[in-house]
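Note that ligands are numbered from 1 as they come in the structure, with each ligand's atoms numbered from 1 the same way. Starting from 1, each residue takes its place in the sequence as its number. Heavy atoms only: backbone and side chains are in, while hydrogens, waters and symmetry mates are out.
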Amino acid sequence: MDAPKLLFTTGRIGRLTLKNRIIMAPMVRNYADEQGRMTPRYLAHIERIVHGGVGAIILEASFVSPEGRGFRHELGLHSDAVIAGLHDATRLAHEHGVRIGIQLYHAGRQTTAQVSGEQPVAPSEIPCPLLQELPRMLDRAEIHGLVRAFANGARRAKAAGMDFVEIHAAHGYLITQFLSPFSNRRPDSYGGSTENRRRFLAEIIDAVRKETGDDFPITVRISADEMVPGGMEPSDAADLACWLEERGIAAVHVSVGNYASYTRGRMIPPMAVDDGPLIKYAALVKQAVKIPVIAVGKLHKPELAEAVLVNGQADFIALGRELLADPDWPIKAQEGRSDAIHACIACNQGCITRLFEQRDVWCTVNPECGREREFADIKRIGAQRKVLIAGAGPAGMMAARYAARAGFHAVLCEADDRVGGQLHAASAAPHRSGWAEQLQDLRRELTRLGVEVRLNTRVDRKLVQQETPYAVVLATGADPIRPKIPGIGEVNVITARDLLEGRAKAFGSVLVVGGGCAGAQTAEFLMSQGHAVTIVEAEGDIAADAPLDDRTLLLGRLKTGGVKIMTHTRMLSIELDAVNLQSGEEVFGLTVDTVVLCLGSRSVNRLERELKEMVAHVFTVGDAVRVRKVTDAALEGALAGLGIARDAERDKPAVAVGA
Ligand SMILES: Cc1cc2nc3c(=O)[nH]c(=O)nc-3n(C[C@H](O)[C@H](O)[C@H](O)COP(=O)(O)O)c2cc1C
Ligand code: SF4
């Protein structure tokens with residue numbers, strides 16, 4: 001493709017000139033320390049991002065007051081102690097000609113006492129429907145105190161050399177809680193009319209301006225549609241944007257949603273949602289104001305991002321997860337090398353799902369995200385020594401990729417006749433094509449790095465004796481569980497893996513046994529092929545292990561498609577055209593033509609013990625250790641590649657071959 005043009009023109013936000021139209025969206029990483037300060041890990045991550053050609057970066061939602069902390073290790077702007085670390089971040093950005101700002105935020109009711117250490121506060125005593133913790137209503141003195149806290153946060157940002165601040169008035173946090181009738185039922189001058197609900201934000205803008213000076217750019221992020229009954233709607237967004245413009249705001253950043261509507265999959269659109277779902281909201285705001293508008297939300301491809309600008313739907317585009325997946329997205333786009341971008345597959349496994357679990361953010365397709373310092377170590381010290389990798393699923397492919405990156409001769413052996421392992425099954429169901437993208441990306445990397453792939457090859461003792469590798473990586477995955485129940489050997493019983501990988505076929509009506517995320521996706525696959533499908537699940541819920549938004553969307557599609565769901569139900573036995581089930585005390589029969597087993601998997605790791613006696617460096621990774629998600633397998637594989645490089649460096653004197 002031709003390189004995009006408008007994306008790489010300079011743009012202005014207030015007095016600032018940005019070298020291009022690409023801004024990194026604010027994202028909490030959970031890399032800060034307990035006091036909300038910048039860490040060496042975070043700085044290395046920022047350095048990598050700004051190196052990739054982005055025009056500006058907005059640092060994450062940073063709490064301006066301790067009770068407003070929403071994630072254990074997010075950045076803070078609550079104390080002067082944060083300034084030095086932020087200053088380091090500013091320096092890194094400026095060294096690369098990148099503008100840097102930071103989001104001023106307070107979680108309000110969208111946090112818990114467990115995280116912030118105090119009962120959450122809010123305009124009214126209404127719990128967040130998702131977190132369900134009762135907040136305490138702020139009194140007027142406290143509101144004034146928080147206005148000051150926002151201003152002090154901005155002062156610290158400016159003192160740290162930041163180029164601008166962004167006020168986080170989106171996603172259902174404290175400022176949105178005031179703005180929205182969904183969460184604000186105050187009887188005083190901060191509630192009721194639109195003007196009153198905007199008062200808190202108006203006071204914050206005034207206080208921040210007073211603290212930072214007239215020409216210091218302030219941007220505001222808004223939710224153009226809260227997507228909840230009684231919440232802010234698109235018709236309010238244009239009016240709010242005009243109101244912000246009148247107050248001298250330098251740019252409006254247009255997102256959507258709050259925690260209550262998070263499951264609708266628009267705030268951080270998952271795989272099942274088409275690219276660019278929020279462009280229409282940016283366009284709506286763009287028509288209403290003259291100040292720059294920033295669009296965001298699954299703008300995965302440079303062509304789409306360029307089209308947003310060409311069509312006049314926004315002035316800047318913000319990329320969030322795209323830059324976690326590939327910090328070089330901007331450079332590659334500018335050079336017309338879109339095909340070389342490691343695309344974010346919108347799996348949400350490594351980033352937002354981990355964040356909501358209060359863990360640090362990483363990325364399924366980019367194991368280096370958040371581990372930049374560790375991977376910077378990966379030198380070409382392999383000197384072409386051989387590394388044998390058993391199993392070409394995501395863990396094995398990543399191990400081969402990183403072993404090859406470290407200069408080893410990586411030999412990837414796969415018992416099957418193709419690489420990819422469970423990525424094939426994962427990508428077969430509707431709306432799961434991201435996994436196929438990841439497979440394609442990994443394949444491309446293996447070719448680029450010269451990994452030797454041997455299909456139909458099982459690693460065993462004999463092969464290891466022949467090859468005498470320096471290290472072996474065991475990525476032998478997991479096999480589907482087949483319970484020992486009467487009739488399990490019948491011809492009408494197949495595993496979901498065999499079905500999704502095309503080795504087995506279902507006919508007629510189908511019973512999917514096991515309603516985890518994989519079972520629910522298998523049911524959707526069967527539904528899309530026209531089968532009548534029933535799911536039985538022993539627990540009370542189906543797809544309970546799916547990310548929140550994916551789950552809601554998936555359950556909606558299963559419902560629309562007429563899939564029957566039987567929870568608290570176990571399968572007792574199977575006959576040729578029926579199964580016997582039990583729900584509570586009741587035992588009953590169900591006529592079905594095919595039974596598809598989706599009861600999880602069991603690790604396959606038969607080689608570890610014997611190979612450890614033969615090879616000094618043996619790494620076991622992915623499902624072969626313990627069955628988990630693709631994101632865990634991929635990272636573990638990459639870390640094995642890194643581990644081998646480190647071992648080799650330690651062994652250097654003994655084995656260095658002209659290195
Ligand atoms: C891990 C993670 C953390 C996020 N944290 C913030 C945040 O601190 N402030 C904010 O306004 N949005 C936050 N978001 C939303 C992103 O800024 C962005 O709007 C969203 O991810 C959609 O853009 P994308 O498809 O380019 O990722 C976060 C998203 C992710 C994935
Ligand atoms: S973990 Fe998945 S969704 Fe998140 S940035 Fe990486 S590829 Fe994208």
Side-chain angles (χ1 to χ4, degrees), residues 22-32 54 57-63 69-71 74-75 101-107 110 166-173 175-176 219-224 253-259 262 265-271 273-279 281-282 294-301 304-305 308 317-327 329 341-370 394 434-435 437-438 441 547 549-550 629-632 634-635:
I22 306 168
I23 298 175
M24 185 170 209
M27 284 183 293
V28 175
R29 317 296 207 275
N30 254 349
Y31 298 164
V54 76
I57 169 169
I58 306 176
L59 291 183
E60 66 192 48
S62 306
F63 59 92
R69 182 197 288 246
F71 300 97
E74 71 188 350
L75 287 176
I102 188 166
Q103 236 184 7
L104 308 169
Y105 125 112
H106 188 296
Q110 287 186 171
E166 176 160 288
I167 296 176
H168 198 348
H171 299 170
Y173 295 115
I175 297 177
T176 331
T219 67
V220 177
R221 199 173 219 204
I222 62 168
S223 279
H253 193 165
V254 184
S255 185
V256 296
N258 58 28
Y259 277 18
Y262 176 78
R266 292 300 182 274
M267 192 200 292
I268 303 172
M271 218 180 264
V273 171
D274 288 344
D275 286 0
L278 312 185
I279 296 171
Y281 298 102
I294 308 168
V296 72
K298 220 178 171 188
L299 300 170
H300 279 335
K301 298 197 173 70
L304 178 61
V308 169
I317 63 130
L319 301 178
R321 294 166 297 168
E322 292 79 3
L323 294 178
L324 299 182
D326 191 345
W329 192 108
I341 290 174
H342 303 295
C344 162
I345 57 171
C347 67
N348 280 351
Q349 282 188 4
C351 52
I352 194 67
T353 302
R354 287 183 56 83
L355 182 64
F356 276 144
E357 291 165 354
Q358 295 292 340
R359 298 198 282 174
D360 57 337
V361 163
W362 75 46
C363 172
T364 306
V365 304
N366 177 16
E368 294 170 48
C369 172
W435 297 118
E437 275 180 62
Q438 190 191 10
D441 186 55
D549 45 358
D550 255 341
K629 294 182 185 147
V630 177
T631 199
D632 302 291
L635 178 66

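Taken to the nearest 0.5 Å, the CD1 atom of Ile57 stands 10.0 Å off from the CD1 atom of Ile102. The distance from atom CZ of Arg359 to atom OG1 of Thr353, rounded to the nearest 0.5 Å, is 9.5 Å. With values rounded to the nearest 0.5 angstrom, Cys351 atom SG is found 11.5 Å from Trp362 atom CH2.
Under the 4.5 Å side-chain criterion, counting only non-hydrogen atoms from C-beta, Ile279 is in contact with Leu304. Within the 4.5 Å cutoff, the side chain of His253 has no heavy atoms near those of the Ser255 side chain. Residues Val361 and Phe71 are not in side-chain contact: their nearest non-hydrogen atoms beyond the backbone lie 4.5 Å or more apart. Residues Leu299 and Leu319 meet the side-chain proximity criterion, which asks for heavy atoms closer than 4.5 Å.
Counting the atoms of ligand 1 from 1 in the order shown, those under 4.0 Å from a heavy atom of Met267 are 20 (C), 22 (C). For ligand 1 and His171, the ligand atoms under 4.0 Å from any heavy atom of the residue are 10 (C), 11 (O), 12 (N). Within ligand 1, the atoms closer than 4.0 Å to a non-hydrogen atom of Ala25 are 17 (O), numbered from 1 in the order shown. Within the listing of ligand 1, atoms 22 (C), 23 (O), 25 (O) sit less than 4.0 angstrom from a heavy atom of Gly297. Residue-ligand proximity, Asn348 to ligand 2, at heavy-atom distances under 4.0 Å covers atoms 2 (Fe), 3 (S). Within the listing of ligand 2, atoms 3 (S), 5 (S), 7 (S), 8 (Fe) sit less than 4.0 angstrom from a heavy atom of Cys344. Atom numbering of ligand 2 starts at 1 in the shown order; those under 4.0 Å from a heavy atom of Arg321 are 3 (S), 5 (S), 8 (Fe). Atoms of ligand 1 lying under 4.0 Å from at least one heavy atom of Gly320, given by number and element, are 24 (P), 26 (O), 27 (O). Residue contact check: Lys298 has heavy atoms under 4.0 Å from atoms 24 (P), 25 (O), 26 (O) of ligand 1. Which parts of ligand 2 touch Ala346 is read off a 4.0 Å heavy-atom cut-off, strictly below it: atoms 3 (S), 8 (Fe).
Val296 approaches Leu278 most closely through the heavy-atom pair O-CB, 3.4 Å. Across every non-hydrogen atom of Thr176 and Ala170, the tightest pair is OG1-O, 2.9 Å. In terms of heavy-atom proximity, Gly350 sits nearest to Thr364 at N-OG1, 3.7 Å. Summarising the geometry of Gln438 relative to Ala634, their closest heavy-atom pair is NE2-CB, 4.4 Å, with the distance given to 0.1 Å.
Between Tyr259 and Phe356, the distance separating the two ring centers is shorter than 6.0 angstrom.
Taking distance alone, with nitrogen or oxygen atoms compared against 3.5 Å, Ala61 approaches ligand 1 more closely than that limit. Here's the thing with Pro269: none of its N/O atoms is less than 3.5 angstrom from an N/O atom of ligand 1. Checking only distances, Ile268 never comes within under 3.5 Å of ligand 1, N or O to N or O.
Residue contacts with ligand 1, taken as heavy atom pairs separated by less than 4.0 Å, involve Val296 solely via side-chain atoms from C-beta onward. Only the side chain of Arg221 comes within contact range of ligand 1, with a heavy atom under 4.0 Å; no backbone atom does.
Taking atom 26 (O) of ligand 1 as the reference point, the nearest protein heavy-atom neighbour is Glu322 OE1, 2.6 Å. In this structure, the protein non-hydrogen atom closest to atom 28 (C) of ligand 1 is Met27 CG, 3.6 Å. Shortest contact from atom 17 (O) of ligand 1 to any protein heavy atom: Pro26 O, 2.7 Å. Of the protein's heavy atoms, Cys347 SG, 2.4 Å lies nearest to atom 2 (Fe) of ligand 2. From the protein, the heavy atom lying nearest to atom 5 (N) of ligand 1 is Val28 N, 3.0 Å.
At a threshold of 2.8 Å, atom 6 (Fe) of ligand 2 has a backbone or side-chain N, O or S atom of Cys363 nearer than that distance. Among the atoms of Cys351, an N, O or S atom falls under 2.8 Å from atom 4 (Fe) of ligand 2.
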### Message
Let's go through Arg354 and Asp360 carefully: what are the C-alpha distance in whole Å and the side-chain angles of both, what is the deciding distance for salt bridge (charged side-chain N to carboxylate O under 4.0 Å, His left out) to 0.1 Å, and is it a yes or a no?
### Response
CA-CA 6 Å; Arg354 287 183 56 83; Asp360 57 337; 2.6 Å; yes

### Task
Apply side-chain contact (heavy atoms from CB on, under 4.5 Å) to the pair Arg321 and Asn366, showing each step before the final yes or no.
CA-CA 11 Å; Arg321 294 166 297 168; Asn366 177 16; over 6 Å; no

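Judged by distance alone, with hydrogens and angles left aside, the side-chain atoms of Arg29 form a donor-acceptor pair with the main-chain N or O of Met27 at under 3.5 Å.
Of the candidates Leu324, Leu355, Thr364, Thr364 brings a heavy atom nearest to atom 1 (S) of ligand 2. Among Arg321, Gln103, Glu60, the residue whose heavy atom sits closest to atom 9 (N) of ligand 1 is Gln103. When Asn366, Asp441, Ile268, Ile345 are ranked by how near their heavy atoms come to atom 7 (S) of ligand 2, first place goes to Ile345.
Contact annotation: Ala170 has no heavy atom less than 4.0 Å from any atom of ligand 1. Using a 4.0 Å cutoff on heavy atoms, Glu74 does not count as a contact of ligand 1.
Looking only at atom types and distance, the side chain of His300 has no donor-acceptor partner in the side chain of Asp275 under 3.5 Å away.
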